[in-house]
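Whatever order the structure lists ligands and atoms in, that order sets their numbers, starting from 1.
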Amino acid sequence: MKNNVLVIGGAGYIGSHVVLALLKSGYGVTVFDNFSTGRRENLFPEAGLMEGDIRRYGDLTAAMKGGFHALVHLAAFKAVGESMLDPGKYAENNISGTVNILNAAVASGVHNVVFSSSAAVYGEPHYLPVDEDHPVNPENFYGFTKLEIERLLFWYDKLKGLRYAALRYFNASGYDPEGRIKGLEQNPQNLLPIIMEAAAGIREKLMIFGNDYATEDGTGVRDYIHVSDLADAHVRALAHIAAKDESLLLNLGSETGTSVLVMLETARRITGRPIPAEFTARRAGDPAKLVGTSARAEKVLGWKARHSGVESLVATTWRMYERLGRSD
Ligand code: UFG
């Protein structure tokens with residue numbers, strides 16, 4: 001059906017924000033999720049649900065029977081450290097799972113795919129800001145899985161006429177500014193949620209990985225992008241590939257570099273909590289600085305980050321964490 005979208009991984013952290021944005025734009029949405037990391041609290045009554053696993057081809061063809069105009073694929077394991085210890089798990093879910101999705105899409109006549117890729121495909125940057133023409137050379141297995149999927153998409157476009165948008169997210173952060181997402185990401189591995197756990201008192205302190213980088217304050221600098229901005233880009237990318245019948249490869253970032261210390265100080269100010277922190281050794285594989293340019297997304301989609309200021313990232317995340325660690 002013309003307006004129906006299957007969101008694979010739609011109960012997850014980013015997926016649920018994408019579902020919200022699609023519903024708001026008038027799409028009919030069905031969520032496909034196995035709830036391994038997705039949360040039932042992230043489901044919306046306006047959206048349908050198909051429980052299933054991308055590792056099972058039959059689950060996907062059954063889900064796609066309804067007839068979809070497009071699918072958004074965000075179902076992936078994403079813990080960088082774990083991907084280096086258990087590559088098989090990442091290959092099976094992220095890569096083989098995507099092969100199943102693409103074959104099911106072709107068999108079911110779904111022509112448009114928006115894919116959740118990552119700036120991890122670039123590896124250590126050779127120049128900044130990183131644009132889409134920067135060489136790809138992932139430094140971890142997680143990033144490798146995202147790159148392999150981009151390559152699969154390229155060939156399914158060429159051979160099967162499947163149009164796709166591969167969206168290379170920089171550091172996804174924040175929560176819906178209107179508080180409509182209820183499920184907190186479980187076992188978060190990223191900087192801002194870790195700072196929030198320390199602020200809420202459910203983690204003793206933040207360990208800062210290195211203070212001797214060649215950056216302004218010696219700590220790592222990243223391009224943090226609000227998930228609601230990411231979600232908006234998905235809706236625009238979907239409309240674009242369907243209307244223009246062409247595929248897209250786009251960076252999505254805020255184009256602003258924020259250091260660990262700036263994030264921490266902003267969090268201390270906004271939460272009013274002391275947030276204990278300690279410097280420790282650098283984490284293996286971390287570049288000093290990773291900032292992207294999203295000029296292509298702006299030009300092609302008319303998209304720009306609107307919620308990605310550091311204050312907004314911290315405030316919308318704190319709203320989710322503030323209620324934790326309280327006895328009431
Ligand atoms: N950091 C700390 N202490 C922590 C966690 C992180 O100091 O406990 C620092 C890191 O060293 C880095 C920054 O905070 O300088 C951000 O680290 P994250 O782990 O939050 O994010 P990464 O930049 O390592 O990676 C993230 C996602 C990847 C994605 C990448 C794209 O986890 O999946 O952004 O830019 F590919």
Which ligand 1 atoms does [X] reach within 4.0 Å, using its non-hydrogen atoms?
{"X": "Y142", "result": "33 (O), 36 (F)"}
{"X": "I208", "result": "7 (O)"}
{"X": "A119", "result": "31 (C), 35 (O)"}

Does [X] come within less than 4.0 Å of [Y], counting only side-chain N to carboxylate O?
{"X": "R282", "Y": "D286", "answer": "no"}
{"X": "E246", "Y": "K244", "answer": "no"}
{"X": "E51", "Y": "R40", "answer": "yes"}

*Say whether F209, considering both its backbone and side-chain N or O atoms, lies within less than 3.5 Å of an N or O atom on ligand 1.*
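So ligand 1 has an N or O lying under 3.5 Å from an N or O of F209.
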_When you compare ligand 1 with Y169, is there at least one nitrogen or oxygen pair between them that comes in under 3.5 angstrom?_
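No, no N or O pair falls under 3.5 Å.
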Can you tell which part of [X] has a heavy atom less than 4.0 Å from ligand 1: side chain, backbone, both or neither?
{"X": "L290", "value": "side chain"}
{"X": "M207", "value": "backbone"}
{"X": "N190", "value": "both"}
{"X": "A120", "value": "both"}
{"X": "L191", "value": "both"}

*Nearest candidate to atom 24 (O) of ligand 1, where distance is taken over non-hydrogen atoms, out of R203, R283, R222*: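 Selected option, by shortest heavy-atom distance: R283.
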*Heavy-atom proximity to atom 36 (F) of ligand 1, best of P188, S118, S173*: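 Selected option, by shortest heavy-atom distance: S118.
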*Report the residues that fulfil salt bridge (charged side-chain N to carboxylate O under 4.0 Å, His left out) with D217, sequence neighbours left out, ordered by chain and then residue number.*
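None.
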*Judged by non-hydrogen atoms, does Y224 sit under 4.0 Å from ligand 1?*
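The answer is yes: ligand 1 sits under 4.0 Å from a heavy atom of Y224.
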*When you look at D229 and W303, which way does the side chain to side chain contact (heavy atoms under 4.5 Å, CB included) test go after all the steps?*
CA-CA 9 Å; D229 285 329; W303 174 86; 3.9 Å; yes
